[in-house]
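Okay, structure first, notes after.
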Amino acid sequence: MDIQLNGEPRHIAPDTTLAALLGSEGLAERRVAVEINGEIVPRGRHAEHRLAEGDRIEIVHALGGG
């Protein structure tokens, strides 16, 4: 199925979870905020949230500084 990931078209397998997508992008262990279709998905729901055809996903990395 086709989605938009940070503004870029991407083809993923049907029934992919948000956690699986983050893992495939090398972001599973990183501190990120994820918005899908304009709504933030809490980290605790990443494993259960299934992506759908046409979803628009924005991933923002949390940066530390001092």
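Judged as a side chain to side chain donor-acceptor pair (under 3.5 Å), the pairs with a partner in residues 2-15 (not counting sequence neighbours) are, in order, Asp2-His11, Arg10-Glu25.
Put simply, CD on Glu58 and CG on Asn37 are 10.0 Å apart, with the number rounded to the nearest 0.5 Å.
Glu53 CD: more than 12 foreign heavy atoms inside a 6.0 Å radius. In the displayed structure, Glu39 atom CD is contacted under 6.0 Å by at most 12 heavy atoms of other residues, nucleotides or ligands.
Membership of the apolar cluster around Leu27 extends to Met1, Ile3, Leu5, Ile12, Leu18, Leu21, Leu22, Val32, Val34, Ile36, Val41, Leu51, Ile57, Ile59, as traced through chained side-chain contacts below 4.5 Å between ILVMFWY residues.
Under the side-chain contact (heavy atoms from CB on, under 4.5 Å) criterion, Thr17 pairs with Ala19, Ala20, Arg50, sequence neighbours left out. Checked against salt bridge (Lys or Arg N to Asp or Glu O under 4.0 Å), Arg56 has no partners two or more places apart in sequence or in another chain.
Between Ala28 and Gly23, the shortest heavy-atom contact is CB-CA, 3.9 Å.
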